[in-house]
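Counting convention: from 1, in listed order, for ligands and their atoms alike. The first residue in the sequence is number 1, and the count goes up from there.
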Amino acid sequence: MSAVAKAPKASATAPPVADPLPDLLSRLRLTALRDRLDGLLDEAARRDLSMREALGLLCEAEVAHRDQRRVQMGTSIAKFPAVRTLEGFDFAAQPSVDPKLVRDLAACRWVADGDALLIQGPPGVGKSHLAIALGREAIRHGYSVLFVPAMALMAALVKGHAEGRLEERLAHYAKPKLLIVDELGYLPFEPAAAHLLFQLVSRRYERGSVLVTSNRTVGDWGAVLGDPVVATAILDRLLHHSHVLTIRGDSYRLREKRRSGLIKAAQAAAPAAVED
Ligand code: ADP
Ligand code: MG
């Protein structure tokens, strides 16, 4: 009864027309556009954009959001141990690093070509920092990246071998376009492990890039890998298409500590002579 009574009133004021756009955009999976639609349309009106320009604005918003999500996902898959960026690298503090070379590497042609990159130098000079920063650039350029400390990689391969699951492990580490192996050389490997590393390097050879950071020069790899013959075979493949970045000088951390100590001492003695 009450429904009948209300009927004339409902037809007098037209029911609000449901906006089909959010649903259509959902079905097209343009979710960023859907969520920001009102703001973007307001902006298009405010800027007096033509239909075509407005469509461009809307598409840009969706694409920017997708790029951002892709980088976020790629970064979480890469398992970087910390956030380190090229912008955060103080080139002035490390004159042995050529900023132009690093900028070239950041363009990631070497990753596209499947080349190797060795970053070598003493502890604390920024090898891991640059490796992570270049890994992030590779993700930005659309490549898959995996970061693994050398000892963890070797432990995983040895374990996989012992459990009869080496193939699975090799496939896992062969898959990303760029594999970053950090801190090779802090502990020597057992010879069996070196042979497993050789299998991985062979599998990736000319298909995916490897970035290795090490506190040892390639001349020491025989000792690091515990087997000079396998070391030569690994280096033969790694160095065939490779770039080498050698960092010299002091540990950045110690330098910073020393500098802050010096500044404090100088301030206490003579506030005007801080730059000493
Ligand atoms: P390595 O891997 O060569 O032992 P790291 O990359 O771990 O050294 O550097 C040690 C610390 O010092 C890190 O926190 C890193 O971000 C920082 N660091 C090293 N070099 C620089 C630099 N030139 N500019 C800014 N931070 C640096
Ligand atoms: Mg390191």
Side-chain angles (χ1 to χ4, degrees), residues 71 74-76 78-108 110-111 115-140 145-157 173 176 178-189 193-194 197 200-201 209-221 223-225 231 234-235 238-239 242-264 275:
V71 169
T75 307
S76 83
K79 302 211 165 59
F80 295 124
V83 177
R84 296 285 183 270
T85 61
L86 286 183
E87 298 76 48
F89 191 80
D90 180 359
F91 285 93
Q94 206 54 264
S96 68
V97 177
D98 177 6
K100 190 179 161 300
L101 173 61
V102 175
R103 265 200 309 276
D104 269 3
L105 292 169
C108 294
W110 63 284
V111 182
D115 295 354
L117 171 62
L118 303 185
I119 303 182
Q120 56 188 24
V125 292
K127 300 184 297 296
S128 300
H129 186 132
L130 284 178
I132 295 169
L134 289 172
R136 291 169 63 96
E137 291 302 315
I139 293 169
R140 240 172 32 83
V145 176
L146 180 62
F147 180 105
V148 62
M151 292 318 289
L153 171 65
M154 298 321 299
L157 293 180
Y173 291 110
L178 169 62
L179 180 70
I180 301 177
V181 180
D182 193 38
E183 307 205 329
L184 191 81
Y186 277 94
L187 288 173
F189 298 158
L197 182 64
L200 177 61
V201 169
S209 289
V210 184
L211 190 168
V212 179
T213 77
S214 181
N215 60 335
R216 313 281 289 266
T217 59
V218 291
D220 289 343
W221 279 38
V224 169
L225 298 172
I234 291 175
L235 282 170
L238 278 187
L239 298 181
S242 69
H243 309 260
V244 180
L245 192 64
T246 304
I247 313 183
R248 296 184 185 80
D250 280 351
S251 155
Y252 185 81
R253 267 189 297 243
L254 291 182
R255 225 184 85 118
E256 291 295 287
K257 279 201 184 110
R258 265 202 297 274
R259 179 182 286 176
S260 65
L262 270 177
I263 288 172
K264 274 182 209 136
E275 63 270 26

What heavy-atom pair brings [X] and [Y] nearest, and what distance separates the two atoms?
X	Y	answer
I139	A78	CD1-CB, 3.9 Å
G135	F80	C-CZ, 3.7 Å
S251	P123	CB-O, 3.6 Å

Among all protein heavy atoms, pick out the one at the shortest distance from [atom]; state its residue, atom name and that distance to 0.1 Å.
atom	value
atom 7 (O) of ligand 1	S128 CB, 3.9 Å
atom 11 (C) of ligand 1	R253 NH1, 3.7 Å
atom 26 (N) of ligand 1	Y252 CE2, 3.3 Å
atom 16 (O) of ligand 1	H129 ND1, 2.6 Å
atom 14 (O) of ligand 1	R84 NH2, 3.1 Å

With the Mg ion (ligand 2) at the centre, find the angle made by OE2 from E183 and OG from S128, to 10°.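 Reported to 10°, the angle equals 120°.
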
Could you grab the distance from atom CD of E183 to atom CD1 of I119, nearest 0.5 Å is fine?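 It is 11.5 Å, given to the nearest 0.5 Å.
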
If the contact criterion is a heavy-atom separation under 4.0 Å, does T213 count as touching ligand 1?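 Checking ligand 1 against T213, which is what was asked, there is no heavy-atom contact under 4.0 Å.
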
Could you check whether any heavy atom of G124 sits closer than 4.0 Å to an atom of ligand 1, since that is the contact criterion I want to use?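 Distance cut 4.0 Å: G124 passes for ligand 1.
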
Taking [Y]'s backbone N and O only, do any of them form a donor-acceptor pair with [X]'s side chain (distance below 3.5 Å, no angle check)?
X	Y	result
K127	V212	no
W110	L105	yes
S209	L178	no

Atoms of ligand 1, numbered as shown, that sit under 4.0 Å from any heavy atom of G88: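 Checking each atom against G88, I get 24 (N), 25 (C).
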
List ligand 1 atoms under 4.0 Å from P123, heavy atoms only on the residue side.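 The list of qualifying atoms is 4 (O).
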
When only distance counts, is [X] in polar contact with ligand 1, meaning an N/O pair under 3.5 Å?
X	value
D90	yes
Q94	no
G126	yes

Side-chain donor-acceptor contact under 3.5 Å, T246 with Q120: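 The answer is yes; a qualifying pair exists.
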
Donor + acceptor pair across side chains of D182, T213 (<3.5 Å):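 Yes, a side-chain donor-acceptor pair sits under 3.5 Å.
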
Measure F89 to ligand 1 on non-hydrogen atoms and call it side chain, backbone, both or neither using the 4.0 Å cut-off.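 Both of them.
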
